[in-house]
Amino acid sequence: MFFKRKPKINEQTIKELVQKLETTYMNKDIEQLQEMFHPDHREISFLNHFSLMMNFQIYNSTSEILHLEILDMNEEEATFTYTRKHMYTCINEEEENGTNPNNISSYYVQIKVEGKTIWIAKYARYSELFLDLKGRILPGEKAVVPPGAEYFDNMKRFIDVIQFEHLKPATYLLYSDSEFIGYYPEKERYSYRTSEKLTFDYFLEMEAASIKEHTKGFIEGNTLEYSDILEEEEDYSIIEIKMEGSSGLQHELILSMLAPDGFIMVRYLKTKNAPLEEKLRRQLIKQMQIAATKLDVSV
């Protein structure tokens with residue numbers, strides 16, 4: 001009689017698990033997909049039976065692993081990220097309409113050993129890039145802005161002002177009353193922890209009663225090494241802060257704007273113990289000042 005040994009997590013078992021997950025998806029085995037996830041964590045949207053069935057009935061898919069990074073690991077549990085490229089082909093050629101859901105998606109994953117099984121305990125997508133039929137990333141913001149975005153145009157007039165060539169759109173998040181777009185270095189598009197990022201947050205409403213109250217609350221509500229209000233007007237403020245993060249000093253410039261159509265925060269963050277270069281700092285402040293003049297421009 002043979003007894004199954006308790007598995008141990010290592011780099012090889014992580015690679016094997018990711019490959020098994022992708023292969024199971026391509027094989028359209030919904031039951032086996034669900035069995036890879038811990039019973040307490042099978043409510044995630046990825047495992048939605050109806051969505052999977054619809055997708056599998058229409059498309060065949062191929063998968064390519066582009067990037068895998070282990071963030072934390074021991075023999076009992078691990079946290080890692082991986083990026084995969086999915087290309088889809090309609091099973092029925094007559095259904096092909098040029099809108100196949102080809103994409104590159106990156107996931108934050110937690111796994112753990114329980115009993116004699118390695119389970120997926122968390123599986124969260126943190127970025128998605130949309131591709132054309134040939135597998136090329138769509139240009140500009142088309143690469144990330146989903147069809148369901150309602151407020152992108154409300155942010156676009158500010159995005160057009162604050163731009164850096166080396167930063168590319170990498171993620172877009174939808175919430176009930178707000179939306180978020182993030183720009184990261186092109187070489188770090190698949191990374192969970194980036195060396196710098198430029199983000200635009202749109203909210204239907206500002207929680208504070210005024211920009212002054214918002215700015216004060218933001219500074220007092222965070223543990224900061226340094227803070228300075230560079231500009232503060234009735235409708236906007238620009239602040240500079242420095243704080244200690246997991247990778248050392250983080251240096252950030254933040255523009256908060258109260259516009260007729262909502263509340264917008266533009267944040268540029270330099271991480272990994274590397275302060276903002278003075279030339280870039282001055283350029284960014286100037287761009288933020290120009291963006292603030294667009295507050296009264298209707299969308």
Are the charged groups of Glu240 and Arg281 less than 4.0 angstrom apart, N to O? yes
Under a 3.5 Å distance rule, please check whether [X] uses its side chain to pair with a backbone N or O of [Y] as donor and acceptor.
{"X": "Ser178", "Y": "Tyr175", "value": "no"}
{"X": "Glu179", "Y": "Glu150", "value": "yes"}
{"X": "Ser51", "Y": "Ser45", "value": "no"}
{"X": "Asn27", "Y": "Asp29", "value": "no"}
{"X": "Thr194", "Y": "Glu196", "value": "yes"}
{"X": "Asn74", "Y": "Glu76", "value": "yes"}
{"X": "Lys116", "Y": "Val113", "value": "no"}

Please assess Lys142 against Asp132 for the test salt bridge (Lys or Arg N to Asp or Glu O under 4.0 Å), listing each intermediate value before the final yes or no. CA-CA 10 Å; Lys142 290 182 179 179; Asp132 64 17; over 6 Å; no
Flag the pair Tyr192 / Tyr108 as yes when their ring centroid distance falls below 6.0 Å, and as no otherwise. yes
Those residues at least two apart in sequence (or on a different chain) that pass ring-ring contact (aromatic ring centres under 6.0 Å, His included) with Tyr88 are Tyr59, His86
The ring-ring contact (aromatic ring centres under 6.0 Å, His included) partners of Phe56 (sequence neighbours excluded) come to Tyr25
Please determine whether the number of non-hydrogen atoms from other residues, nucleotides or ligands lying under 6.0 Å from atom NZ of Lys15 exceeds 12.
no
Take a 6.0 Å sphere around CZ of Phe50 and say whether it holds more than 12 heavy atoms from other residues, nucleotides or ligands.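 Open.
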TODO: For residues Gly182 and Thr199, report the shortest heavy-atom separation together with the two atoms involved.
DONE: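 Scanning both residues, the minimum pair turns out to be CA-CG2, 4.1 Å.
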**Asked** Would you call Lys270 and Glu252 a side-chain contact if the rule is heavy atoms closer than 4.5 Å?
**Response** no
The side chain to side chain donor-acceptor pair (under 3.5 Å) partners of Thr79 (sequence neighbours excluded) come to none
| said: Please evaluate residues Phe180 and Phe200 with respect to the criterion ring-ring contact (aromatic ring centres under 6.0 Å, His included), reporting the C-alpha separation (whole Å), side-chain torsions for both, the decisive distance (0.1 Å), and the verdict. | reply: CA-CA 6 Å; Phe180 167 99; Phe200 296 80; 9.2 Å; no
